[in-house]
Amino acid sequence: MKQNKTKILSILSQLYPNPTTELEFETPFQLLIATILSAQCTDKVVNRITSVFFCDHPDVYSMSSLTEEQIAGYIKSAGLWKTKAKHIKMVCEILINEHHGLVPQTREELENLPGVGRKTANVVLANAFSIPAIAVDTHVQRVANRLGLAQSKTPLRTEKQLMELIPKHQWSDAHHWLILHGRRVCRAQRPLCDQCPLLPYCPQNGLKSN
DNA sequence: AACTCGGGGCA
DNA sequence: TGCCCAGAGTT
C-alpha cells in the first residue's frame, strides 16, 4: 500500500519535472488577486482579465483608487464577478490599512481577507512566499482520492493526509503534479486511463496487490 | 453538509 | 443547449 503511494509520487515527479501553474505573476499582490479571481473560473479567463487589469493597475495603491464598479468593469467576464469585485476592493483597503500595503505571509492573516479561503491562502503561501503548502482544489481532491493518496471527501482532510504522506519539501510540487495530471489525464469526466502512466498503480483500475 | 453565486468554454 | 469549471461565504 505505502509502497504503491511512493511509486505513484515518484512517477508524478518524473511526469511533471518542472511544475508551474499558468497563474504566475510579478508580485505577491498580483498572484493574490489572480487567485481570488480564479475561483470557479478557468485560468484562460483569468489570464485574459489580468493581462489588461494588471497593466492598468499593477499594484495595490493603483487598484485601491478604483471604485467597486470600476473593478467590476475589468473582471466582468469572470463568473461571480459582483462578489469578487467587492472582495478585491475590500482586500486593497485592508492591505493598505492593516498590512502596510503588503500581502501578509501567514495563513491566518490571508484567510481573514475577504474572498480568500484555505485554497487561495495556500496558493499564495506556496507560490509567492515559498512557504510549503498543499492547496487542495477540485482537481487535487479528485486525483488524490482516485490514486489512493487520500481517502477523504473534504479538501481540508485531503490536505492533511497529503501533508502526512509527502515530504514537506515536495508539498508545493505535489500540488502542481496533481493539478496538471487532473487536467491532462485524470480528468473529471472520461479520464484518459489508457494513456495514464500511473495505471498499473491506480486503485481505480483494480490493481489488487503490490 | 448543503446551498448559492455566474459567465465562459466546450461537446 | 446543457453541463462543468484552479472556491468562498452563509445558513
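All values below were derived from every heavy atom in this structure, side-chain atoms included, with hydrogens, water molecules and symmetry-related copies excluded. Residue numbers start from 1 in every chain, and the chains themselves are labelled A, B, ... in the order their sequence lines are given, proteins ahead of strands.
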Heavy-atom pair with the smallest gap, counting every atom of A:F129 and A:V103: CZ-O, 3.6 Å
A:V124 reachable from A:M90 in the ILVMFWY side-chain graph, under 4.5 Å edges: no
Nearest-neighbour nucleotide for the A:R183 side chain, B:dG8, C:dC5, C:dA6 considered: C:dA6
Considering all heavy atoms, the nearest A:I75-A:A85 contact: CD1-N, 3.6 Å
Sugar-phosphate only, base, or nothing, as touched by A:G117 at under 4.0 Å among non-hydrogen atoms: sugar-phosphate
Of A:R142 and A:A121, the one whose closest DNA chain C nucleotide lies more 5': A:R142
Sugar-phosphate, base or nothing in reach of A:I75, heavy atoms under 4.0 Å: nothing
Selection from C:dG7, B:dG6, B:dG8 that lies nearest to any side-chain heavy atom of A:S77: B:dG8
Nucleotide nearest A:T154 (side chain, heavy atoms from C-beta), chosen from C:dA8, C:dA6, B:dA1: B:dA1
Out of C:dG9, C:dG7, B:dG7, whichever nucleotide has its closest atom nearest the side chain of A:W81: B:dG7
Given C:dG7, B:dG8, C:dG9, the nucleotide with the shortest approach to the side chain of A:Q40: C:dG7
Selected nucleotide, minimal atom distance to A:R48 side chain, candidates C:dG7, B:dG6, B:dG9: B:dG9
Closest listed nucleotide, where the reference is the side chain of A:R190 and the choices are B:dG9, B:dA11, B:dC5: B:dA11
Most 5' of A:D137 and A:V116 on DNA chain C, judged by nearest nucleotide: A:D137
Among B:dC10, C:dA8, B:dG6, the one nearest A:K44 by side-chain distance: B:dC10
A:Q189 side-chain proximity, nearest of C:dC5, C:dA6, B:dG6: C:dC5
Student check: side-chain heavy atoms of A:E159 and A:L156 closer than 4.5 Å: yes
Sugar-phosphate only, base, or nothing, as touched by A:P155 at under 4.0 Å among non-hydrogen atoms: nothing
